[in-house]
Each structure stands twice: as C-alpha cells, then as structure tokens.
Amino acid sequence: MPLPLAQVQELRDRLSDRFRPWSRSAQFWVRAVDIYGSYKVCQLRTGFVKDEEEREAMWEQQHEIGAQKMYSLCSELGGLFLKAAQILGKPDLAPTAWVKRLVTLCDKAPSTPIEVVRDVVEKQFCKNFDEIFDFFEVEPVGSASIAQVHRARLKSSKTDVAVKVQHPGAEQLMMVDIRNMQAFALFLQKYDINFDLFSATKEMEKQICYEFDFVREARAMERIREFLRVSNKKSPVVVPRVIPGMISREVLVMEFIQGTPIMNLSSEMSKRGIDPAGKLAAMAKQKILTDLTLAYGQMILKDGFFHADPHPGNILICNNTEATLLDYGQVKEMPEDLRLAYANLVIAMADDDLLRTKESLSEFGFKTWSIADNELEELFQLSLRMFDTRLPPGVTVLSPFADDSSLNKVGVESFPEELFSVLRTIQLLRGLTVGMGLRFSCAQQWKPIAEEALLKAGRIKNVKSRRPRRSFFRRLF
C-alpha cells in the first residue's frame, strides 16, 4: 500500500537533512581543490617565464579567475563562507580582483521567509506577532550568515526598532563548514603558508558558537556602550541601545539607527555635492577613521573587552561624520596578561623599537622560527604588517601572506587565538585607511592608551633608551 503524500514528503525532508552535511562538505572540497589547484598550476607556469611583466600579467589573470571561483563558493554555499568573504574582501589582505568581488557579499545572505520569521518571534516571546508590533517590514534591511534584521515599530513605542532574527538551522551548517575549513587550514599551513592558520579557525569556531546566543550579544552591547560612554566626554562611536524585555536567544530588538554604510560614503558625498577627493571629504574621513580607531583602542587596550566582528558592513555613518558600530554577536575578552603584552607591543611599534617588539611577541606566546640574518628587523616588519595600519609611500596592499612578506623569512609556529580578533580589527582599519586614501598609524594613536594601561598595572617601561631602533623607518613614514 503506497504511503500518503504527507509521509512521503516528511521522509524526503528527513533524508535531505541527514545528507545535507555530506553534500555541503563535498561541494566545499571540490571548489576548494579547484581554486587551490589553479593557483599551484599558475605558480608552476610562471616559474618558466623570465619576463617580469609577463609573469605579473599571468598572475593578474589568475586572480581574476580565482576571484570568480571564490565568489561563487561564498555566495552559493553561504553560511560561514560569507564570513570568510568579509575577512578576505579587504584591500590590504587579498588581491584587488578578490576584493572587488568579495566586498559585494556583505549582507547578501539569503533571507528567511517572513512566515518563518513570525513563527520564530512568537515562539521566543510567547506572544502573538500582531500583539508585539504596530508594523513590521517584510523585506529585511540586511541578511547575514546567522541572522537577518527587519525594521519595525513596537506597540509600546513611537520610535522604530531593529529586530534581529536567527535563521533556523544555520548553526548546524556553520559547524559543518568550520570543520572543513579547519582541515583545509591544516593542509595549507603544512605545505604552503608558514603561519598557524589552524588557531585562527579554532578562534573562529569559538566566536561563531557565541553568535547564536542573542542574550549574550545584548549584554555585550550594553557593556561596550556603557564603557565608551564613561571613558569619554562623548563616545567616539554610537552603539545601539537594547530594548529591555525584548531579548531572547534567537531574537534581539534594539533601537533602529538610520545611516549610510561606510562603503557607500564616497557616493553619498557625491550626491550631496561634496567632492569625495576634496579637502572637506578628507577631513570627514579622517575624523571617522580617528573615532573608530580610538574606540577600538580603548576597548582592546583599556578594557580588554571589544567588538570582534570588524568589517565594513557593520559600520554606518550618521549625521555626516558620526560612526555607528553594529553587530555584537562576536565580542572578545582578552586575558589581562595578554592585554598588557599587546599594549607593550603597541608602544614598541610606535617607537620603532626592535628589541621591545621581540620581547612583547615572546611575552604573549608568539613563537617563530627564522632563516634571516636580520631576524629582529624581519620580526619588526612582520609585526607592522600584522598589527599596524601604516603603509610605505605608494603601497596600497601590505598583506602578511604576500610574496615579499617577512613570513617567508620568519615563520609563525604558534599564534595566540585571542589575538586573531585584534588582527581582524587591524585589517579593517588598514582597509579603511586605503579605501579613504589616507595615511594612518593605529599604533601611534594607541600609544597613549597603551601607556595608560601599563601605568595602571604598574608595568610601565622606559621606551626611550631601548636599542636597537629602526631609524630609517622614521624617515620612511
């Protein structure tokens, strides 16, 4: 006797759910091997070409091909790979072709149907949807890998709110993705890249698990909001206010903030009749970058608790030059000893102090091997590439993994997981520096904050008499 149609559909759904992780893993590995293999073939081919311009053209063509393949992987699989696109899509980290393709993926995740959204909200708040909201926009204002955000208005309020709702089933797929990424990272660091990539993926796994708890996110948002308010006459960035009583693990309601995405800043200036390359625009961009850098410096070095999901999609510009920092699903709390060791490194980089740089790196567990005669010099240069935003004249891409990187002379055996979030922050700030056409050193701006942190802990050191120093760097920058 044939099964009823409903039972057949239920059986299909169960089988689909069971085999989805296997199917997803297979799709990832086929695409990852294709991208990796194409680059290895290009590397082999360019080895037989003597003309430098021809080699450069071959690599540019390969980057275009690789960018398209990576875009397809991230956009079609979604999930964790959208986060990977956010990390890679920065001007200082990936080839230009990759950045142009991947930067468009911010908030491009598929959205959950409104019927499912209503169901999630009602289950989380144990109320009928229409009893909660006066209106609720069907189309989300943004959809990311874990959740989407809708504009709405509560029955009890006259102001608009942002309602963040989790995608059902997203957590399971994320865990599948991270396992595959960890396996690929182990392969790359064994055969191609002299860097502890596996620790980066372990830290990513930890942070992603936190992102699925919106109650934790609400507490983090309020803590950072209050810290920045108390630490300044006026907070350098706007942190959205959480709506009391409207928080659950899968739904978070906060104030709605109207603004311009920072990636659209230049086009918005043009609409208002402001030359994006003019002096007025440069002053506005400088203020925005300074405010963001100050906020991150205070969070990281003074409090040790900071916003750890830095990418352009999480930054809005309001009231012309006021920066708003969104999405606190990923936050990081640094251990006290690591925070102070990093403060010491900031001072060393700001003062071009090679010995202090090496000592600071050793203090927070940065283990390396070196084949360079000028080990101190290469280690210092690697530190600048990873932990400062300044660039040499005429340089717009300064990746730790570039061919001329000090990583080819100083391999990183072990890297503290907690510092990968700091590394991502530096990448964001440097990417904004390049994108805005500015020259900027976060280490130099953070030096007073770092000195204050060390002084408070009773660990302040005299940086003026340390030797050797990198004197030609002062002339360069």
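Only heavy atoms go into these numbers, but all of them, side chains included; no hydrogens, no water, no symmetry mates. Please read these numbers as outputs of a predicted model, since none were measured by experiment.
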- Do the side chains of Leu294 and Asn232 get nearer than 4.5 Å, heavy atoms only? yes
Salt bridge (charged side-chain N to carboxylate O under 4.0 Å, His left out) filter on Lys234, not counting sequence neighbours, yields Glu322
CG of Asn180 to OG1 of Thr201, rounded to nearest 0.5 Å, is 11.5 Å
Check residues 214-221 and write down every donor-acceptor pair under 3.5 Å in which the side-chain atom is one partner and the other belongs to a residue at least two apart or another chain.
residue	atom	partner	partner atom	Å
Glu217	OE1	Lys164	NZ	3.1
Glu217	OE2	Lys164	NZ	2.9
Glu217	OE2	Tyr328	N	3.2

Across all chains, not counting sequence neighbours, the side chain to side chain donor-acceptor pair (under 3.5 Å) partners of Lys123 are Asp119
d(Cys442 SG, Leu428 CG) to nearest 0.5 Å is 10.5 Å
Do the non-hydrogen side-chain atoms of Gln172 and Pro21 ever get within less than 4.5 Å of each other?
yes
For Glu76, the salt bridge (charged side-chain N to carboxylate O under 4.0 Å, His left out) test, sequence neighbours excluded, returns Arg31
Pair Glu205 + Lys202, salt bridge at N-O below 4.0 Å: yes
| request: Would you sort out whether Lys358 and Glu363 count as a salt bridge (Lys or Arg N to Asp or Glu O under 4.0 Å), showing the intermediate values? | output: CA-CA 9 Å; Lys358 182 179 181 180; Glu363 186 180 353; over 6 Å; no
Taken in chain and number order and not counting sequence neighbours, the residues that satisfy side chain to side chain donor-acceptor pair (under 3.5 Å) with Lys456 are none
Does atom CZ of Phe135 have more than 12 heavy-atom neighbours from other groups under 6.0 Å away? yes
Test of ring centre spacing under 6.0 Å for Phe133 and His150:
no
Residues pairing under side chain to side chain donor-acceptor pair (under 3.5 Å) where one sits in residues 236-252, two or more places apart or in two chains, turn out to be Gln124-Ser248
Sorted by chain and number, sequence neighbours left out, side chain to side chain contact (heavy atoms under 4.5 Å, CB included) with Ser360 holds for Asn344, Leu345, Arg356
Is the shortest side-chain N to carboxylate O distance from Asp309 to Arg424 below 4.0 Å?
-> yes
Interatomic distance, CZ@Phe387 vs CG@Leu423, rounded to 0.5 Å, equals 5.5 Å
So the salt bridge (charged side-chain N to carboxylate O under 4.0 Å, His left out) pairs with at least one residue in residues 148-162 (sequence neighbours excluded) are Asp134-Lys155, Arg151-Asp160, Arg153-Asp160
By salt bridge (charged side-chain N to carboxylate O under 4.0 Å, His left out), Lys100 pairs with (sequence neighbours left out) none
request  = Take Phe306 and Met334 through the side chain to side chain contact (heavy atoms under 4.5 Å, CB included) test and state the conclusion after the steps.
outcome  = CA-CA 9 Å; Phe306 61 99; Met334 293 175 68; 3.6 Å; yes
Would you please indicate if the ring centroids of Phe129 and Phe136 are separated by under 6.0 Å? yes
For Arg101, the salt bridge (charged side-chain N to carboxylate O under 4.0 Å, His left out) test, sequence neighbours excluded, returns none
The side chain to side chain donor-acceptor pair (under 3.5 Å) partners of Gln189 (sequence neighbours excluded) come to none
Value for CD (Glu378) from OG (Ser383), rounded to nearest 0.5 Å, stands at 11.0 Å
Answer yes when Arg390 and Asp352 have at least one side-chain N-carboxylate O distance shorter than 4.0 Å, and no when they do not. yes
One should read off an interatomic distance between Asp388 CG and Gln381 CD, to the nearest 0.5 angstrom, of 12.5 Å
Value for CD (Glu222) from CZ (Arg229), rounded to nearest 0.5 Å, stands at 11.0 Å
Residue set satisfying side chain to side chain donor-acceptor pair (under 3.5 Å) with Lys127, at least two apart, ordered chain then number -> none
